[in-house]
Each structure stands twice: as C-alpha cells, then as structure tokens.
J.: 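Please read through the structure below; I'll follow up with questions.
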Amino acid sequence: IVTINFDGFMVKADIYLNDKYLGRFVSAYNPITIDVTSFIKQKDNVLIVVLDSTEDNNVPPFGYAVDYLTYGGIYRGVSLNVHPKVYIEKTLVSGSSSGNISIKNIIGGNKEKSHEISYELYLNEKLIDSFDDENHTIKDVLLWDVDNPVLYKLVSKLNSEYGESVYETFFGFRTIRFEKEGFYLNDKKIKMVNNES
C-alpha cells in the first residue's frame, strides 16, 4: 500500500496523480493521508496540487482577531510512504500521572487480516519497558510539567503475514483537571492567565 502524506497545507487542495483526480482535501492544521496504491507507477509519476488559500468561514483561523494567520501554501512536509497490506496508520496514546498508559491504534490497509501489535517504551532513547497490552502501567514515571516537559517515546510494532509495520509517537505522563478554583496539572494548581500588569 502506498500513501502520500501532507503534514499541513492552507487551506484546501484539489490533488491529481498521473492525470487522475484524487479529490478535494481540507488541511489547515490537520495532516492528510491519501491512498494512491491504485494510481502510482514505478516511475515518471506526476503529482499536481492545486491550492485554494482563500478565506473560508468553515475553516479557521481566518479573519478578524486572527487575520495575521491568513497565509497559504504547503507549509509542512510531504512524504511518500510504502506500507505492508496491513499497517499502523496512527497510534493515539495518553499517560496519566499514576503511570497508566492507554493506547488506541488506527489500522490501515486490510483491517480484516489477523495481526499482532507489541510496544516498546523509551525515555531518552533508553528502553524502559516492553509489553503487548493497550492498557499498561509503568512504575516511577517522570511527569510532564510546564517547567520540565518530559516526553516518552512509544514504538508500536504490528506483525502480520505481510510483514512488519512500525509507528513512533511521543507523549507525556500527566493528569489535568478543571475545578471551580482553577486548573490543576498533576494535582498542582496552575495559573493559566496572568492578569497582573
């Protein structure tokens, strides 16, 4: 399976590959992934991206108070990716201040085929733990904080009859909540807006 990934363009785009119209896509700040398996050739491919950066009331952040953000173009990376017939399209992960990890994988390709997923957790490129469950607990975690934004790396590995797919993502262990008294990060009250002049 072959995909083209646009990490960000402003705002809408009509996209063509080898004279085939792939559709109109809205990005703004969101990544776009397009399956081009049926349209790509071994060589001499021609990709055309026709951008429409005009203001659209349905797509922020245009006009009024944020009119300084009205820009156009492909402003983030574009990549061509070759995947096995079953692969990890994205891994969503959250970590609480008590060390609990919750994982959700978005699977691309032939989702009906059987596969197994395992995980490796790293801190500063050092392997901390290996596991294969989507709800896992780590001991003695370093918390993400505004003064010390510690990030862990989770490596997800999918294995199927078509081969291995690997996806890496970064996250922090933290717990947030809103109370009447204010905002709390890891049970510590944080002043979000400084009204002092």
Side-chain angles (χ1 to χ4, degrees), residues 1 3 5-8 26-33 35 59-61 66 69 75-77 79 81 83-197:
I1 293 175
T3 61
N5 295 69
F6 292 86
D7 293 335
V26 178
S27 172
Y29 293 112
N30 296 316
I32 301 295
T33 299
D35 187 337
V59 183
V66 289
L69 292 175
Y75 64 93
R76 290 182 180 156
S79 60
N81 298 285
H83 309 278
K85 290 184 179 180
V86 183
Y87 67 97
I88 301 174
E89 189 174 306
K90 185 177 290 187
T91 297
L92 307 174
V93 57
S94 64
S96 72
S97 59
S98 58
N100 295 322
I101 303 174
S102 178
I103 303 168
K104 180 180 179 182
N105 293 292
I106 299 173
I107 305 301
N110 190 342
K111 303 174 185 179
E112 305 302 319
K113 287 293 184 179
S114 62
H115 57 270
E116 296 180 349
I117 301 179
S118 60
Y119 305 97
E120 294 177 349
L121 184 67
Y122 293 85
L123 178 62
N124 298 324
E125 299 304 320
K126 179 183 178 182
L127 180 64
I128 302 298
D129 199 2
S130 300
F131 51 96
D132 57 12
D133 49 326
E134 294 185 346
N135 293 287
H136 193 73
T137 302
I138 303 296
K139 295 181 179 179
D140 303 321
V141 295
L142 300 177
L143 299 184
W144 186 98
D145 187 85
V146 291
D147 297 319
N148 189 26
V150 178
L151 288 179
Y152 287 77
K153 180 173 73 173
L154 182 73
V155 179
S156 306
K157 295 182 179 180
L158 180 151
N159 281 286
S160 73
E161 62 182 279
Y162 301 115
E164 184 180 68
S165 170
V166 178
Y167 190 93
E168 296 182 359
T169 188
F170 291 86
F171 73 101
F173 287 94
R174 81 285 181 271
T175 300
I176 61 173
R177 73 177 194 275
F178 287 92
E179 303 285 352
K180 290 181 179 180
E181 299 80 19
F183 172 74
Y184 289 81
L185 173 64
N186 302 327
D187 296 323
K188 178 182 176 183
K189 187 176 179 181
I190 302 291
K191 191 171 186 179
M192 299 183 70
V193 178
N194 187 353
N195 293 322
E196 299 175 1
S197 55

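Positions are given from 1 along the sequence.
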J.: If you compare all heavy atoms of Asn186 against all heavy atoms of Ser97, which two are closest, and at what distance to 0.1 Å?
T.: OD1-CB, 3.6 Å

J.: Minimum heavy-atom separation for Ile88 and Tyr167, please, with both atom names.
T.: CG2-CB, 3.7 Å

J.: What's the shortest heavy-atom distance between His115 and Ser160, and which atoms?
T.: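 Closest heavy-atom pair between His115 and Ser160: CB-CB, 4.0 Å.
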
J.: Is the closest side-chain donor-acceptor distance between Thr91 and Ser156 under 3.5 Å?
T.: yes

J.: Take Val150 and Leu123, measure what side chain to side chain contact (heavy atoms under 4.5 Å, CB included) needs, and give me the verdict at the end.
T.: CA-CA 9 Å; Val150 178; Leu123 178 62; 3.8 Å; yes

J.: Mind checking whether Phe183 and Phe178 have parallel, tilted or perpendicular rings, split at 30° and 60°?
T.: tilted

J.: Rounded to the nearest 0.5 Å, how far apart are CD1 of Ile128 and CG of Asp140?
T.: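 Ile128 CD1 to Asp140 CG: 10.5 Å, rounded to 0.5 Å.
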
J.: Hey, could you give me the CG/CD1 distance between Asp129 and Ile138, rounded to the nearest 0.5 Å?
T.: 4.0 Å

J.: Mind listing the closest non-hydrogen atom pair of Ile1 and Lys85 along with its distance?
T.: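 The answer is CD1-O, 3.5 Å.
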
J.: In chain order, what residues pass the side chain to side chain contact (heavy atoms under 4.5 Å, CB included) check against Glu179, with sequence neighbours excluded?
T.: Arg177, Glu181, Tyr184

J.: Pair Lys90, Thr33 - check side chain to side chain contact (heavy atoms under 4.5 Å, CB included), show working.
T.: CA-CA 11 Å; Lys90 185 177 290 187; Thr33 299; over 6 Å; no

J.: Please report the C-alpha distance between Phe171 and Leu121 in whole Å, then the side-chain angles of each, then the deciding distance to 0.1 Å, and finally whether the side chain to side chain contact (heavy atoms under 4.5 Å, CB included) criterion is met.
T.: CA-CA 10 Å; Phe171 73 101; Leu121 184 67; 3.7 Å; yes

J.: What's the spacing between Glu164 CD and His83 NE2 if we round to 0.5 Å?
T.: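 Between atom CD of Glu164 and atom NE2 of His83 there are 14.0 Å.
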
J.: Just so I know, are the side chains of Val141 and Tyr152 near enough to count as touching, which here means a heavy-atom distance under 4.5 Å?
T.: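 Yes, at least one pair of side-chain atoms sits under 4.5 Å.
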
J.: Taking all atoms of both residues into account, what is the closest heavy-atom pair of Ser130 and Glu120, and its distance?
T.: OG-CG, 4.0 Å

J.: Between the side chains of Asp35 and Thr3, does any donor sit under 3.5 Å from an acceptor?
T.: no

J.: Measuring only between side-chain heavy atoms, which start at C-beta, is Leu142 closer than 4.5 Å to Phe173?
T.: no

J.: Less than 4.5 Å apart, side chain to side chain, heavy atoms only: is that true for Arg174 and Leu143?
T.: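 They are not in contact (no side-chain heavy atoms under 4.5 Å apart), so the answer is no.
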
J.: Which is it for Tyr119 and Ile117 under the side chain to side chain contact (heavy atoms under 4.5 Å, CB included) test, yes or no, and what are the steps along the way?
T.: CA-CA 7 Å; Tyr119 305 97; Ile117 301 179; 3.5 Å; yes

J.: I'd like to know if the side chain of Asn105 reaches the main chain of Ile107, judged simply by a donor and an acceptor atom lying under 3.5 Å from each other, with no hydrogens or angles considered.
T.: no

J.: Using 0.5 Å steps for rounding, measure from the CG atom of Asn110 to the OH atom of Tyr162.
T.: 5.5 Å

J.: What is the minimum heavy-atom distance between Ser27 and Gly8, and which atoms define it?
T.: OG-CA, 3.5 Å

J.: So do Glu116 and Asp132 actually touch side chain to side chain, heavy atoms under 4.5 Å?
T.: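 Asp132 vs Glu116: side chains apart.
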
J.: Looking at Asn135, Thr175, Thr137, which one forms a side-chain hydrogen bond (donor to acceptor under 3.5 Å, both in side chains) with Asn100?
T.: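 Answer after filtering Asn135, Thr175, Thr137: Thr137.
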
J.: Between Glu125 and Lys153, does any side-chain N to carboxylate O distance fall below 4.0 Å?
T.: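 Yes.
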
